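The chains referred to below are lettered A, B, ... by the order of the sequence lines, with proteins before strands, and numbering in each begins at 1. These figures come from a predicted structure and were not determined experimentally.
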Amino acid sequence: MKNYAQTLNLPKTDFPMKADLPSREPSILKKWEGLYEKIKEARKGKPLFILHDGPPYANGHIHIGHALNKVLKDVIIKYWLLRGYHIDYVPGWDCHGLPIEQQVEKELKAQKKSKEELGKVVFRRLCKDYAKRFVEVQKEEFIRLGILGDWEKPYLTMDPAYQAQEVRELGRVFKAGLVVRSKKPVYWCIYDKTAEAEAEVEYYEKEDPSIYVKFPLTKEENTYLVIWTTTPWTLPANLGVMVGEDYEYVFLKTDTETYVLAKALLESFEKTTGIKGEVIKEVKGKELVGLEYKSPYGGTNKVYPSEFVELSTGTGLVHMAPGHGREDYIVGLRYGLEPYAPVDEEGRFVEPAPEFIRGKRVFEANPLIIQDLKERALLLWEGKIKHSYPHCWRCKNPVIFRATPQWFISMDIPHEGKTLRERALEEIQKVKWIPPYGKNRIASMVENRPDWCISRQRYWGVPITVFYCKNCGHVVAEEEVFERVAQLIEDSSEGADIWFEKSEKELLPEGYRCPVCGSEDFKKEEDILDVWFDSGSSHAFVLRKRGIQKADLYLEGSDQHRGWFQASLLESVASYKEAPYKAVLTHGFTVDEQGRKMSKSLGNVVSPQEVISKYGADLLRLWVVSEDYTEDIRLGKNILQRLVEDYKKIRNTIRFLLGNLYDFKPSDAIPFERLHHFDRWVLSYLQELLEKVHRHYEAYEFHRVYHLVRNFCSVELSSLYLDVLKDRLYVYAPGSFERRSAQTALFELAKVLITVVAPFLSFTAEEAWEHLRTIDQNLPESVFLYEMPLPSEEKRDEGLLRDYEKLIKIREDAYRAIELLRKEKEVNHPYEAKVYVWGNKELIELLEKYGDYLNYLLSVSKVELSEGGKHRVSSEYFEGLYAGAERVEGKKCPRCWLYYEEKEFEGEVCRRCAKALEERAVQV
RNA sequence: GGGCCUCUAGCUCAGUUGGUUAGAGCGUGCCCCUGAUAAGGGCAAGGUCGGUGGUUCAAGUCCACCGAGGCCCA
């Protein structure tokens, strides 16, 4: 018998089944070089979509969280791009700040050098080099992920132009009168005489005094508040006592005196001190609030409520020194207490501290104070305690909390009728938060946050460019002075380094005199800005300066409600009275397959580099889009394995489409109305799909797009449409209506499928696009220069959709009947079966309508609309409908494999094939 | 310890305003095909909705508490 396979139109394509992404993707990246610029050119004048990039910190390689974040952004940008929008995506980096400073210092230490020796300017240069190095590293890594953006001109917070804009922003906030100078306790090393950041201190065991002290109440005879402390030296700075409002407190009466302390700590107090007494009264903490007592070193102070009081140690009454403790400071701020700290930079007591400790260092003062308390009968008990205590990371000595002057942006000073807090809260209401609870989260943070401390006593950052008049102390913060300095920074290749290089005279406008006293003698501020002010002003440099008022979208992890979203909001509202964004989208964090956070110690970290080298960036991108990012996002081996399967399905579906289009030209296309009804059905279905796809993309619900596409490929296409279509594609002559009609649909399907997945499977879509272009040379060179089709009413036949919905269900019923035959080995391939359908009149009429195509639709050789079949089943879906199946009679056509009666043959093959062979001979 | 959030089959997700036997795809098992072939197809088995207790004629869907986990703060 002849080899009939050669007379069939079997699929042919160079689009390989094996993706081999890790080695193929780099060549696609090569093709994309310059693509961003071409897109900008092509989309000029189109409506703009602005996603403003939050800058990652330029330190280390990217991790999976970075990848998640950037891919999400990329999907959104590419979607709007494929919708015909103009995009403008400028990636950025956060370059200043402590981690880099510490890293550089570590490197210096290895060379036995210190930053003090080198001086600010040289040290800053080293930091700049360090940041630059990692900007390059991360840039390469982001590009490898397939992220589309202006990688030629990203924004760096250390660029002179950026720094200059930031200085101008600071000037605006000063001008609005929102910047104030006041004291705040910071970690302080009394040996290095420097402030330390939280991240810098190291915790070691330290032995300290442990004492119970009594504070006599002013209005109740012989009654004392009992406090416990390990830092007696802070008692001279005592300004209050904190209680937990909801805790229970007792009045403990001994033979001579009455003590107030928390009920929960009574037992441990009695045990430690040996003091015994009788509880004569119990009260809630809130009833103690407002009581006055005599502070051991001066003044009458009060009891305040505080959320920081704990009942694990002490007495539940906490001695409060706002100048020497963070919580003390926060609570103190709330009640208008001074951050009082009579201690100089060497940790020595100064006036107005009591005379007997003046000049002594804080730790030396401890025993003196204890002795003094003892003499004044205020000490109840004295002991020692070993506990974990913060130490200086450089000299390893214990550090202290000490209030020092800092710059703040005030949340509560009214400016043109409203405070920053009020205005920010109003703006929050106008922004669209995705998911919605983000609004609540940031609003409650803004409602409760203290003033924004923007000064840091560090080296690597943007200077706070104000001057102090040496003569009268006036702070020079005029707009023209900020502008002058900004100009100098912008014009210098050294950027903000010039602030530290040049003298006051060089930095100030020529001949500048103090507006208060007329002096010409100034001293510049040495503090630098909080890095959150750097990134918080990115909107000014990246958007406003380039004529864009607001971003359409900010998109970061949910931790940025406290971080970048808030810093940007406050900076923008302070400067421009409005939010810098119209919408804010947040995503969750990556966790492992058990939902646990990724950590080195758990050994469950998955790196993007690892995924890329093993599976390719498209797999990582598919992962991003497959999960609901509003919650925690899981990642692990099994999930990746499933994604590999999903990827193959989508890829092979596209491959099959392309494979059957090798002889098709767009001019062969048949108009929708004249297409075969099955092809009209699939295109109608496609319009429904498109409608949902667009809806979900617009709502940023990518996992719904993913499920839609995945199911479409496997359910409607692979197992139904394409499977049934094979007969028509392979058997009929190349130029026949049957084949051309099918190809018309396949071409449409390919275009839609490729563009729909392009935002996430960018590499694969581009690769497939190359093949599609060999079919239609009019297509643009990149899929990203094309547009994703919109659902079209003209290509949607409602009646067909309704009919097919039923036909598909009947198909399932028939398959259950065939399955029974298969179990008995009566048939193997469905072609060996004959199907009967009967019963329900309405449905039988429907089936008659599609009569001559029914057997193809069911992939069987014959269908009869009457009762019959060896095995019979009742419909799973329809009342009174039945399906039966039996082995078909007749002979298999060696060409099309369907079974026919002897008389339906013409020679070796069936009549249909004979005709096709004839036509084929003419066409080929 | 506080604020915000999550918890539906092995995995990823659906489940309008509370209302019939909780859905899909994948994976799994069994089977078929060998003309998408390191592909394709068919059938089937899997959850009582994190737990407990309420509200209700009726709860995965509302309330309370507990548990596991995440982010932020302390």
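- Y815(A) comes within 4.0 angstrom of sugar-phosphate atoms only, judged by non-hydrogen atoms across all strands, and of no base.
- rU28(B) and rU34(B) are spaced 24 Å apart, taking the C1' atom of each and rounding to whole Å.
- Only the C1' atoms considered, rG35(B) is 31 Å distant from rA24(B), to the nearest whole Å.
- With hydrogens and angles ignored, the 3.5 Å screen pairs a side-chain donor or acceptor of E556(A) with a backbone N or O of G54(A).
- Ring geometry, Y697(A) versus F760(A): the interplanar angle falls from 30° to 60°, so the pair is classed tilted.
- For the residue pair S861(A) and K834(A), no side-chain donor N or O sits within less than 3.5 Å of a side-chain acceptor on the partner.
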Write down the protein N/O and nucleotide N/O pairs, taken from nucleotides 1-3 of chain B, whose separation is under 3.5 Å; answer none if there are no such pairs.
residue: rG3(B); atom: N2; partner: R441(A); partner atom: NH2; Å: 3.3

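- Base orientation for rG46(B): syn, the chi torsion being within 90° of 0.
- Regarding contacts with the backbone of rC31(B), every side-chain N or O of K825(A) stays at 4.0 angstrom or more from both OP1 and OP2.
- Mapping R704(A) and L722(A) onto RNA chain B via the closest heavy atom, the residue that lands nearer the 5' end is R704(A).
- The side chain of K823(A) contributes no N or O atom lying less than 4.0 Å from OP1 or OP2 of rC43(B).
- Aromatic ring centres of F747(A) and F664(A): separated by under 6.0 Å.
- Rounded to the nearest Å, the gap between the P atom of rC11(B) and that of rG67(B) is 24 Å.
- Remark: rG35(B) base-pairs with no nucleotide; criterion is Watson-Crick or G-U wobble with both hydrogen-bond distances under 3.5 Å.
- Counting non-hydrogen atoms under 4.0 angstrom, N652(A) reaches a base of the nucleic acid.
- In this entry rU20(B) has no Watson-Crick or G-U wobble partner, no candidate having both defining distances under 3.5 Å.
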Sort me out a list of protein N/O and nucleotides 23-26 of chain B N/O pairs below 3.5 Å, or just none if empty.
residue: rA24(B); atom: O2'; partner: N711(A); partner atom: ND2; Å: 2.9
residue: rG25(B); atom: O4'; partner: N711(A); partner atom: OD1; Å: 2.9
residue: rG25(B); atom: O3'; partner: S714(A); partner atom: OG; Å: 3.2
residue: rG25(B); atom: O2'; partner: N711(A); partner atom: OD1; Å: 3.4
residue: rC26(B); atom: OP1; partner: S714(A); partner atom: OG; Å: 3.4

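- Contacts of L8(A) with the nucleic acid, taken as non-hydrogen atoms under 4.0 Å apart, include base atoms.
- Straight-line distance between the P atoms of rC62(B) and rA14(B): roughly 16 Å, to the nearest whole Å.
- In this structure, of rG35(B), rA74(B), rC71(B), it is rA74(B) that holds the atom nearest to the side chain of R326(A).
- Taking atom C1' on both rA68(B) and rG50(B), the two are 7 Å apart, rounded to the nearest angstrom.
- Looking at K726(A), its side chain comes within 3.5 Å of the base of rA36(B) through a donor and an acceptor atom.
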Review item, nucleotides 67-69 of chain B N/O atoms under 3.5 Å of protein N/O:
residue: rG69(B); atom: OP1; partner: R596(A); partner atom: NH1; Å: 3.0
residue: rG69(B); atom: O2'; partner: G595(A); partner atom: O; Å: 2.6

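- For Y730(A), whose side chain is taken as the heavy atoms from C-beta onward, the closest listed nucleotide among rC7(B), rA74(B), rG35(B) is rG35(B).
- The residues E886(A) and R872(A) are annotated as not salt-bridged, no charged nitrogen and carboxylate oxygen being separated by less than 4.0 angstrom.
- Going from the C1' atom of rG1(B) to that of rC63(B) covers 25 Å, rounded to whole Å.
- A donor-acceptor contact closer than 3.5 angstrom is absent between the side chains of D727(A) and W897(A).
- Salt-bridge formation is detected for the pair K823(A)/E819(A): a Lys NZ or Arg NE/NH1/NH2 atom is positioned less than 4.0 Å from an Asp or Glu carboxylate oxygen.
- A donor-acceptor contact under 3.5 Å links the side chain of S718(A) to the base of rA36(B).
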### Message
For a side-chain contact (heavy atoms from CB on, under 4.5 Å) check, start with the C-alpha distance between V693(A) and V752(A), then their side-chain angles and the critical distance, and finish with the verdict.
### Response
CA-CA 11 Å; V693(A) 161; V752(A) 169; over 6 Å; no
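- The nucleotide rG25(B) finds its pairing partner in rC11(B), both defining distances of the Watson-Crick or G-U wobble pair being shorter than 3.5 Å.
- For the residue pair Y4(A)/E908(A), the side-chain donor-acceptor check at 3.5 Å is satisfied.
- Using modelled atom types, one finds no donor on one side chain facing an acceptor on the other under 3.5 Å when comparing R655(A) with T13(A).
- Between S719(A) and rG40(B) there is no side-chain polar atom (N or O) within less than 4.0 angstrom of OP1 or OP2.
- The base-pairing partner of rC71(B), taking Watson-Crick or G-U wobble contacts with both distances under 3.5 Å, is rG3(B).
- Spacing between rG19(B) and rU61(B) at atom C1', rounded to whole Å, works out to 11 Å.
- Taking atom OH on Y437(A) and atom C1' on rC5(B), their separation rounds to 5 Å, with Å as the unit.
- In summary, the side chains of E812(A) and Y877(A) do present a donor paired with an acceptor at a separation below 3.5 Å, with no hydrogens or angles considered.
- Candidate nucleotides rC43(B), rC13(B), rU34(B) were compared by shortest atom distance to the side chain of K892(A), and rU34(B) ranks first.
- For the OP1/OP2 pair of rU37(B) and a distance below 4.0 Å, the side-chain nitrogens and oxygens of R655(A) include at least one atom meeting the criterion.
- Note on E327(A): only backbone sugar-phosphate atoms sit closer than 4.0 angstrom, heavy atoms only; bases stay farther off.
- Across every strand in view, rC30(B) sits in a pair with rG42(B) that passes the Watson-Crick or G-U test at under 3.5 angstrom.
- Of the candidates rG70(B), rA14(B), rU34(B), rA14(B) carries the atom nearest the D628(A) side chain, counting heavy atoms from C-beta on.
- Nucleotide rU56(B) forms a pair with no other nucleotide shown, judged by Watson-Crick or G-U wobble geometry with both contacts under 3.5 Å.
- Within the 4.0 angstrom heavy-atom criterion, no nucleotide atom of any strand lies near R449(A).
- Toward the 5′ end of RNA chain B lies the nearest nucleotide of L10(A), the other residue of the pair K648(A) and L10(A) mapping further downstream.
- Rounded to whole Å, the C1' atom of rG47(B) lies 4 Å from the corresponding atom of rA9(B).
- Going from atom NE2 of H696(A) over to atom P of rU12(B) covers 20 Å, rounded to whole Å.
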